[in-house]
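This report concerns only the one structure given below.
Hydrogens, waters and symmetry mates are skipped; everything else that's a heavy atom, side chains included, is used. It should be emphasised that the depicted structure is a prediction, and the values quoted were computed from it without experimental measurement.
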Amino acid sequence: MTVTRLYWDDALTSYDFGPGHPMDPVRLRLTMDLVRAFGLDRLPQVKVLAAPAAGESTLRLVHEPGYITAVEAVGRTGVPNPARGLGTEDNPAFAAIHAASALIAGQSVAAAEAVWREGGHAVNFAGGLHHAMPGQASGFCIYNDAALAVARLLELGAERVVYVDVDVHHGDGVEKAFWNDPRVLTISLHEHPRTLFPQTGWPEETGGAPGSAVNVALPAGTGDAGWLRAFHAIVPPLVAAFRPQALVTQHGADTHIEDPLAHLAVSVDAQRALMLAASELAAEHADDRWVALGGGGYAVVDVVPRSWTHLVAIAAGAPIAPETEVLAEWREEVWARTREFAPLRMTDGFAATWKDFDSGYDPADRVDQAILATRKAVFPHHGLLL
């Protein structure tokens with residue numbers, strides 16, 4: 001049975017931008033509570049581990065030394081550094097800004113190390129902070145743990161890594177980190193940049209190494225059928241063609257219809273279906289080396305804990321059935337922590353079905369237009385037919 005490592009440390013909740021900020025660390029706490037309620041942490045194939053914070057030499061795999069120094073200074077003094085994106089409305093200063101960010105990064109880097117050296121799966125749902133740039137914070141992200149995980153895989157000897165990002169926002173920081181690196185294929189499936197931060201991720205953005213960056217820009221309002229259709233039309237063929245030695249995926253839960261910061265209309269059912277597909281891709285094309293990360297997600301009670309608990313369960317080879325009821329003990333915990341009512345079942349009750357793109361293309365459908373634009377931009381670079 002495949003070993004799955006779940007990286008968790010209570011101190012991860014110290015990544016806290018303060019009251020009223022959308023990235024409320026309670027979403028992490030509630031996720032781990034739900035994982036425990038289902039007993040996923042006690043499965044024989046699951047190891048719960050806490051890695052140390054990433055040190056400066058590790059952070060430098062992606063980030064500029066001056067930026068690391070700036071993060072430390074903002075945490076120490078509380079003085080904003082807007083030129084570095086620190087102490088801004090999106091990224092407020094807080095005392096643990098370096099320590100908490102480095103701790104998240106440490107979990108993702110350790111996950112990459114373990115998967116490369118020993119095989120199997122690893123999950124860090126506190127990670128997936130994909131907007132951070134080499135020299136600047138961006139979009140609630142201080143250190144780019146996703147890029148650091150990929151960079152560590154390369155440092156350890158990986159020659160081909162695929163990074164798949166299904167957060168509602170473009171995975172711009174990871175893309176930038178490997179823009180010119182033909183060893184890394186970055187694939188981002190996101191809401192169209194016309195309607196959402198960071199206003200990048202157009203299909204024509206295909207990498208400095210041609211075809212190494214893949215962007216699927218979906219129209220606002222895209223639901224389950226379109227989202228899954230786009231994923232299956234783009235991702236599996238490219239992963240098969242690239243033949244990665246490891247797969248890193250980012251599962252931002254902010255694609256959900258209830259997310260307050262974006263405009264897609266995806267259900268937990270579809271998120272779960274895509275996680276299953278990612279697991280299959282790792283098994284079929286990446287020697288079953290799979291690092292799975294969290295990401296965005298701001299419906300912190302109704303969506304995030306359920307979505308990422310499914311991620312842990314799927315990575316562990318013990319998927320939770322869609323119709324499963326949410327455990328009463330967890331609902332009570334949600335009320336105690338948030339004074340909000342918890343959802344009653346583990347998915348939203350949708351079919352999460354889609355039609356295969358190769359069975360027919362509708363030129364009037366905006367999702368199909370987005371799929372075709374991406375396939376035209378990148379498929380020829382990988383020897384694939386449109």
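- Checked by atom type and distance alone, the side chain of Thr374 pairs as donor or acceptor with a backbone atom of Asn215 at under 3.5 Å.
- Atom CZ in Arg36 sits 7.0 Å away from atom CH2 in Trp8 (nearest 0.5 Å).
- No side-chain heavy atom of Glu323 sits less than 4.5 Å from a side-chain heavy atom of Thr347.
- A salt bridge does not link Glu72 with Arg76: every distance from a Lys NZ or Arg NE/NH1/NH2 to an Asp or Glu carboxylate oxygen is 4.0 Å or more.
- Side-chain atoms of Thr200 and His170 include a donor-acceptor pair closer than 3.5 Å.
- Pairing each heavy atom of Gly127 with each of Asp145, the nearest pair is CA-OD2, 3.2 Å.
- The distance from atom CG of Leu384 to atom CZ of Phe242, rounded to the nearest 0.5 Å, is 12.5 Å.
- Under a 4.0 Å N-O distance rule, the pair Arg84/Glu64 qualifies as a salt bridge.
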Evaluate ring-ring contact (aromatic ring centres under 6.0 Å, His included) for His98 paired with Tyr143, printing each intermediate quantity in order. CA-CA 9 Å; His98 168 75; Tyr143 294 137; 5.7 Å; yes

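- Shown here for Pro319 and Leu276, the closest heavy-atom pair between the two residues is CG-CD2, 4.2 Å.
- Contact record, Ala137 with Leu86: CB-CD2, 3.7 Å, taken as the closest heavy-atom pair.
- The only member of Leu6, Ile104, Leu49 that meets side-chain contact (heavy atoms from CB on, under 4.5 Å) when paired with Asn124 is Ile104.
- Each of Asp368, Asp362, Asp356, Asp365 was scored for a salt bridge (Lys or Arg N to Asp or Glu O under 4.0 Å) with Arg229, with one residue passing: Asp368.
- How far OH of Tyr15 is from CE of Met23: 6.0 Å, rounded to the nearest 0.5 Å.
- For the pairing with Trp116, the side-chain contact (heavy atoms from CB on, under 4.5 Å) check across Glu155, Arg152, Gln245 returns one residue only, Gln245.
- With Asp167 as the fixed residue, the side-chain contact (heavy atoms from CB on, under 4.5 Å) test singles out one of Glu191, Gln250, His190: Gln250.
- The aromatic rings of Phe17 and Phe140 sit tilted relative to each other, their planes meeting at an angle between 30° and 60°.
- One finds the CZ atom of Arg183 at 4.5 Å from the CG atom of Leu154 (value rounded to the nearest 0.5 Å).
- Counting only distance, with no hydrogens or angles, the side chain of Arg243 and the backbone of Arg160 share no donor-acceptor pair below 3.5 Å.
- With Ser108 contributing its side chain and Ala149 its backbone, the two residues share no donor-acceptor pair below 3.5 Å.
- With Asp269 contributing its side chain and Gly349 its backbone, the two residues share a donor-acceptor pair below 3.5 Å.
- One side chain, His121 or Asp288, offers a donor N or O that lies under 3.5 Å from an acceptor on the other.
- The backbone N or O of Met275 lies less than 3.5 Å from no partner atom in the side chain of Ser279, so there is not a single donor-acceptor pair.
- The heavy-atom pair separating Ala270 from Leu228 by the smallest distance is O-CD2, 3.7 Å.
- Residues His256 and Asp348 have side chains that bring a donor and an acceptor to within less than 3.5 angstrom of each other.
- Taking both residues in full, the closest heavy atoms of Asp41 and Val35 are given as OD1-O, 4.0 Å, listed atom of the first, atom of the second, then distance.
- Val174 approaches Ala147 most closely through the heavy-atom pair CG2-N, 4.0 Å.
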